[in-house]
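Single-structure report; data block below.
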Amino acid sequence: MTTTRFAPSPTGYIHVGNLRTALFNYMIARKQDGTFILRIDDTDPERSKETYVDAIKQDLEWLGLTWDRVERQSERLDLYAAAANELREKQRFYEAFETPTELDLKRKKQLNMGKPPVYDRAALALSEEDKASLRAERGQGVWRFLLDHARIEWTDGILGEISIDAASVSDPVLIRGDGQVLYTLASVVDDTDMGVTDVVRGSDHVTNTATQIQIMAALGHGHPNFAHHSLLTGPQGEALSKRLGTLALRDLRENGIQPMALLSLMARLGSSQPVELASSLDDLIAGFDLGTFGSAPTKFDENDLYPLTARHLQTLPFAAVADDIAALGVPADIAERFWEVMRANITTKHELAEWWALCRDGATPQIADEDRAFVVQAFEALPPLPYGPETWGTWTTAMKEATGRKGRALFMPLRLAVTGRKRGPEMADLMPLLQTAPKV
Ligand code: GLU
C-alpha cells in the first residue's frame, strides 16, 4: 500500500517551499487511497519547539491536508540506537574525532589542490589505543557511515535516471559526539520501519538520498521510490531561501490568501499543467501527476495568489462567509445582500471590512473642484435614508434633467463623492447598503 510522509523539523514555521513537499506527498497518498504520515523530525532537542509542532499542524489543517497519523522521532530513539549497533556490527560505522576546525582545514587543502572536499577517512586508521586517548582528550567522537565506493543509482520520479559516485561524497555523520542521532539515520530507520513507499522532497536532498540508499541496503532493506522536486525561486529567478521566512503559510493566511488559491497554485506550479483555480482538493488530486513536473527551478510569485483568491471568493456562497460578515458587525437583515454585492469586488476578505466601514460611516468623498457645485446640488436632491434598489436610477435621472450632465460626467463625480473611489460595486446595488447619508 502506498505510504508517504511529510517530515518537517519543528524548528520554524512552514513556508511555501515546505508546502510543495507536503502537498506532493499528500496527493500521492490520497490518489492511491494510501496512508499519509505527519512525521515530526525532532531529534534536535535544542532547536525543536512544541509551538512549531502546533503551528505546523494548524497550517496543514488550514489547508485541509489531513494526516492519518503523527509520528515523532524523539519517541523512537531506541530504534535508531539499534540501527546504529547493527551498522557497527556490520563494520559500516566508525568513530571519528576531527574537530570542525580540523575538518575545515582538510577541506581547504583539498580544494587548493583542485580535489573535491571529501572526508579522507583518516579515522579508519586509528587503533583502539588512539581512539581511547582521543576520547579521553576530546570526548566521544562522531559516528560516520562507511560508504561503499560504488555508483549509487536510482530512477527518480522527477529527475529520471540518477547516478552518483559514492567516492565523491563524504561518509555521512549519523551520530554527533554528544550522542544526538542525526536526520539521515533517523529518516532511514523511519522510512523503512513505517513502510514508506514514496518519498518526494526538495532537490537539495539528492546527495542525502544517495547515502540513504546505501544505509538502507546496509541494514538489509530496499528503498522507497524517490522523487526530488526543484527548488522555488523568486519571480526573477532569484534564490528564495532568504525570503522564505516571509513566505510562511501563516503570513499568507494573514494577508488574506485563501487555502484553495494556495493549493491550486502549489499543486501545479512547475508542471506542464496550467495553474487553474480548483474547486476542491479532490480535483487537484485527480489531476496530479508527478511525471508532469520538470527539474528546472520553479518561479514562485506571491502576487499570483491574489487573483486566485479573488476568483475563489467569487465562488463562495453566503453560508461560507456568514460568520466573517457577522463578525464585521453587518446587521443580519442585510448581511447576505452585502456579500452578494461585494464578492466580485474584493481581492481578499480583508477588504470586506473597508467596504463595511464605508457603508456604515460613509466615505471621505473625492470631489474635483469643477464638480463641487454639481455634487452639492445632487446631495441636496437625495431622498432620505434608507435607499432602495431604485434610488440610484431615480436620483441620477433627476440630476441629468436638472443639469444636462450625462454619461461619465454624470456618474463618476457621484461615485467618487459617495464612495471616495473610482471603482467598486454597481452604485444601484451599493446605495441600499448605505447606513449613513453621503455628505460633502
Ligand atoms: N526533516 C527533513 C527536512 O525537513 C525531512 C527531509 C525528508 O523528507 O526526508 O529537510
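Just so you know, ligand 1 is whichever comes first in the structure, and atom 1 is the first atom listed for that ligand.
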Quiz item: Is the NZ or CZ atom of R5 positioned over W67's six-membered ring, under 6.0 angstrom from the centre and within 45° of the axis?
Solution: no
Quiz item: In a check of side-chain contact (heavy atoms from CB on, under 4.5 Å) between T419 and each of L434, L414, L430, which one passes?
Solution: L430
Exercise. Kindly determine whether K131 and E95 satisfy salt bridge (charged side-chain N to carboxylate O under 4.0 Å, His left out), including the steps that lead there.
Key: CA-CA 8 Å; K131 287 191 219 168; E95 200 175 4; 5.6 Å; no
Exercise. Using modelled atom types only, decide if a donor and an acceptor are shared between the side chain of K31 and the backbone of A286 within a distance under 3.5 Å.
Key: yes
Quiz item: What is the closest protein heavy atom to atom 6 (C) of ligand 1, and at what distance does it sit?
Solution: Y183 OH, 3.3 Å
Exercise. Using a strict cut-off of 4.0 Å, indicate which atoms of ligand 1 neighbour a heavy atom of D41.
Key: 1 (N), 2 (C), 5 (C)
Exercise. Could you list the atoms of ligand 1 found under 4.0 angstrom from a heavy atom of R5?
Key: 7 (C), 8 (O), 9 (O)
Quiz prompt | Aromatic ring proximity H229/F293, centre distance under 6.0 Å | solution = no
Quiz item: Which residue holds the protein heavy atom closest to atom 10 (O) of ligand 1, what is that atom called, and what is the gap in Å?
Solution: H205 NE2, 3.0 Å
Quiz prompt | Contacting atoms of ligand 1, where contact means under 4.0 angstrom from a heavy atom of R201 | solution = 7 (C), 8 (O), 9 (O)
Exercise. Report, in ascending order of atom number, the atoms of ligand 1 lying under 4.0 Å from any heavy atom of A7.
Key: 1 (N), 2 (C), 3 (C), 4 (O), 5 (C)
